Amino acid sequence: MKKRTILGRLNNWFIFAMMTIVVIAIVISSTLVINYLKREEIKRVDILVNAIKFQQDAVTPSLEVQELLLNIYSSNTTIPVIILDKNDQVIEFKNLPKEIGSEAKDVIALAKSMAKKYPVIEIKVAGGNDQFVYYDNSKVLNYLQYSPYLLGLFVLSYFLFSFWFLRTVKKTDEGYLWAGLAKETAHQIGTPLSSMIGWMEIMKLENPDSDGIIEIEKDIERLRTISERFSKIGSVPELNDMNFNETIQENFDYLRTRISKKINFTLQIPTYDILVPHNKILMSWVIENLVKNAVDAMKGEGTLKMSVFERNKNILVEVKDNGSGMTKYQASNAFKPGYSTKKRGWGLGLSLAKRVVQEYHNGDIRISQTEIGKGSTFRILIKK
């Protein structure tokens, strides 16, 4: 499978950058609107203060002026305002939160907290009893202050959900594609396999004790197993309580005679039976994939050890080699579909092995240890 081109990667980064710009633009535009509303509220407070000053300075204002001043004062229905004298005595207050009430000490305490947000406006009054105007944001503006962050979080969540949804759809489509490909492969293998079985029976009649015929018969049986493996991809496999040691031993015995003689292949399993619900055919496929990858990593020469043991009510299978090992990048991508360090191959072996272990056996498979030049250890965990 071909690697993504530089243009494809840049395209993905461009989309991500555009999404980020959109979110930042929404936050900035919302902040500008809020700042504008703040300035407008401050202007309204200034108009109110000027009206109060005019009322204090006017000796005998006309009825029209009095009505205008009353309208200016009553038009403020949202901005909290408190007026105190120089001795901190409450003169007037309006639009305060309901929890404040009418207690003077509570009103004065709120005024002092307002002074921390906005500068206090002083009104000079004849006689020296100056007045001080305290004010704060309206309730609506206080709510709007958090809107850019909430809106930005919502947009970001939407993009993340969209990314997750599209990725899930893609994975589902890929799953159907691989399942269809596997079943078609099983169907194509079936026809020549049936013919080989027929010819094998004829050869056995002529020379039943031939070593070559016995080995060919084993390979035919192996092809039959491989065909069954492919046919089970995409369907729910049947899990049976079978001796797990027996499954591992059969795979070891078959693979040992078919890998390089320069590889010291050993198996360590418990002496007692381990009954674990598993599908024998699919689990054999997993083991075969891990062993073949290890053989490739050792380039046909080295030490390969397979171990089975129990730990915390789990069954663990380890396949350890002393091959070339992997980098962190290679290890993190080893189970991804299409990824391969080999020049030939589709990079599906470990991906399918992971699917068999995780989805069909409710277990886990991972690279527990790897180091360049010293080899790798793959570990399968199955719940007992």
Side-chain angles (χ1 to χ4, degrees), residues 222 225-226 228-230 232-233 237-260 263-298 302-326 330-337 339-341 347-371 374-384:
R222 194 65 178 182
T225 301
I226 291 171
E228 286 185 44
R229 290 174 182 172
F230 280 109
K232 290 180 182 295
I233 294 297
E238 182 180 352
L239 304 183
N240 299 311
D241 276 327
M242 294 183 293
N243 187 356
F244 196 69
N245 287 347
E246 184 178 320
T247 300
I248 301 299
Q249 184 69 56
E250 286 180 4
N251 276 270
F252 172 77
D253 292 339
Y254 176 82
L255 293 170
R256 182 176 55 178
T257 59
R258 282 159 177 79
I259 62 176
S260 173
I263 292 179
N264 181 23
F265 189 18
T266 59
L267 172 64
Q268 182 179 350
I269 57 176
T271 55
Y272 53 89
D273 292 344
I274 299 178
L275 297 179
V276 179
H278 68 283
N279 185 281
K280 192 172 184 178
I281 294 174
L282 292 181
M283 190 55 64
S284 299
W285 194 1
V286 174
I287 299 301
E288 184 174 326
N289 267 301
L290 296 184
V291 170
K292 287 185 175 180
N293 272 280
V295 171
D296 290 340
M298 293 185 292
T303 301
L304 178 59
K305 180 180 180 181
M306 188 159 57
S307 308
V308 180
F309 53 95
E310 289 188 78
R311 180 183 295 174
N312 299 328
K313 296 183 180 180
N314 295 319
I315 304 301
L316 300 178
V317 182
E318 284 191 348
V319 178
K320 183 177 182 180
D321 65 73
N322 65 343
S324 57
M326 288 181 279
Q330 290 172 335
S332 63
N333 290 279
F335 293 100
K336 292 182 179 179
Y339 180 81
S340 177
T341 57
L348 295 176
L350 290 179
S351 174
L352 290 172
K354 184 177 182 178
R355 181 171 182 175
V356 167
V357 174
Q358 290 188 341
E359 296 185 17
Y360 297 156
H361 292 84
N362 195 27
D364 190 27
I365 180 171
R366 64 181 62 184
I367 301 171
S368 62
Q369 183 274 331
T370 186
E371 187 176 349
K374 293 187 177 181
S376 305
T377 301
F378 284 80
R379 176 178 291 178
I380 303 171
L381 183 146
I382 304 292
K383 295 180 180 179
K384 189 175 180 182

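Quantities reported herein were computed from a predicted structural model and do not represent experimental measurements. Heads up: numbering here begins at 1 and tracks the sequence.
Val356 and His361 make their closest contact through O-ND1, 2.9 Å (heavy atoms, listed as atom of the first residue, atom of the second, distance). Taking both residues in full, the closest heavy atoms of Asn293 and Asn289 are given as ND2-O, 2.7 Å, listed atom of the first, atom of the second, then distance. The two residues Ser376 and Gly325 come nearest to each other via the heavy atoms OG-CA, 3.6 Å. Minimum interatomic distance between Met326 and Ala334 (heavy atoms only, all atoms of both residues): SD-CB, 4.5 Å. The two residues Ala294 and Leu304 have their closest heavy-atom pair at CB-CD1, 3.6 Å.
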Worked check of side-chain contact (heavy atoms from CB on, under 4.5 Å) between Asn279 and Tyr360: CA-CA 9 Å; Asn279 185 281; Tyr360 297 156; over 6 Å; no

Between Gln330 and Thr370, does a side-chain contact (heavy atoms from CB on, under 4.5 Å) hold up when you go through it step by step? CA-CA 10 Å; Gln330 290 172 335; Thr370 186; over 6 Å; no

What verdict does the side-chain contact (heavy atoms from CB on, under 4.5 Å) test give for Val357 and Leu381, after you've listed the backbone C-alpha separation in whole Å, the side-chain angles of each residue and the deciding distance to 0.1 Å? CA-CA 8 Å; Val357 174; Leu381 183 146; over 6 Å; no

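For residues 264-277, no residue pair satisfies the salt bridge (Lys or Arg N to Asp or Glu O under 4.0 Å) rule, not counting sequence neighbours. Sorted by first then second residue, the salt bridge (Lys or Arg N to Asp or Glu O under 4.0 Å) pairs that include residues 313-322, not counting sequence neighbours, are Glu318-Arg379.
Distance check, rounded to the nearest 0.5 Å: CG of Leu255 to NZ of Lys292 gives 7.5 Å. Here Leu267 contributes atom CG and Ile248 contributes atom CD1; the two are 7.5 Å apart, rounded to the nearest 0.5 Å. In this structure, OG1 in Thr257 is found 10.5 Å from CZ in Phe265, a value given to the nearest 0.5 Å. Rounding to the nearest 0.5 Å places CD1 of Ile287 at 6.5 Å from CG of Asn251. With rounding to the nearest 0.5 Å, the separation of CZ in Phe335 from CD1 in Ile367 is 5.0 Å. Leu275 contributes atom CG, which lies 6.0 Å from atom CG of Asn243 (distance to the nearest 0.5 angstrom).
Qualifying side chain to side chain donor-acceptor pair (under 3.5 Å) partners for Arg256, counting only residues two or more places apart in sequence or in other chains: none. Shown here are the side chain to side chain donor-acceptor pair (under 3.5 Å) partners of Lys354, two or more places apart in sequence or in another chain: there are none. Among residues two or more places apart in sequence or in another chain, the ring pair (Phe, Tyr, Trp, His ring centres under 6.0 Å) test is passed with Phe244 by His278. Here Glu371 pairs with nothing under the side chain to side chain donor-acceptor pair (under 3.5 Å) rule; sequence neighbours left out. Every residue two or more places apart in sequence or in another chain that forms a side-chain contact (heavy atoms from CB on, under 4.5 Å) with Asn322 is listed here: Met298, Thr303. In terms of the side-chain contact (heavy atoms from CB on, under 4.5 Å) criterion, residue partners of Pro277 (sequence neighbours excluded) are, by chain and number, Leu239, Asp241. In this view, Glu310 and Tyr272, Lys384 satisfy the side chain to side chain donor-acceptor pair (under 3.5 Å) rule, not counting sequence neighbours. Residues that satisfy the side-chain contact (heavy atoms from CB on, under 4.5 Å) test with Glu250, not counting sequence neighbours, are Glu246, Lys280. Remark: Lys305 engages Thr266, Gln268, Ser307 in a side-chain contact (heavy atoms from CB on, under 4.5 Å) (not counting sequence neighbours). Applying the salt bridge (Lys or Arg N to Asp or Glu O under 4.0 Å) rule to Arg366 yields the partners Asp364; only residues at least two apart in sequence or on another chain are considered.
For the pair Leu290 and Ile380, the minimum side-chain heavy-atom distance is below 4.5 Å. Taking the side chain as every heavy atom from C-beta outward, Asn245 and Pro270 approach each other to under 4.5 Å.
Other residues, nucleotides and ligands contribute over 12 non-hydrogen atoms within 6.0 Å of the CG atom of Asp253.
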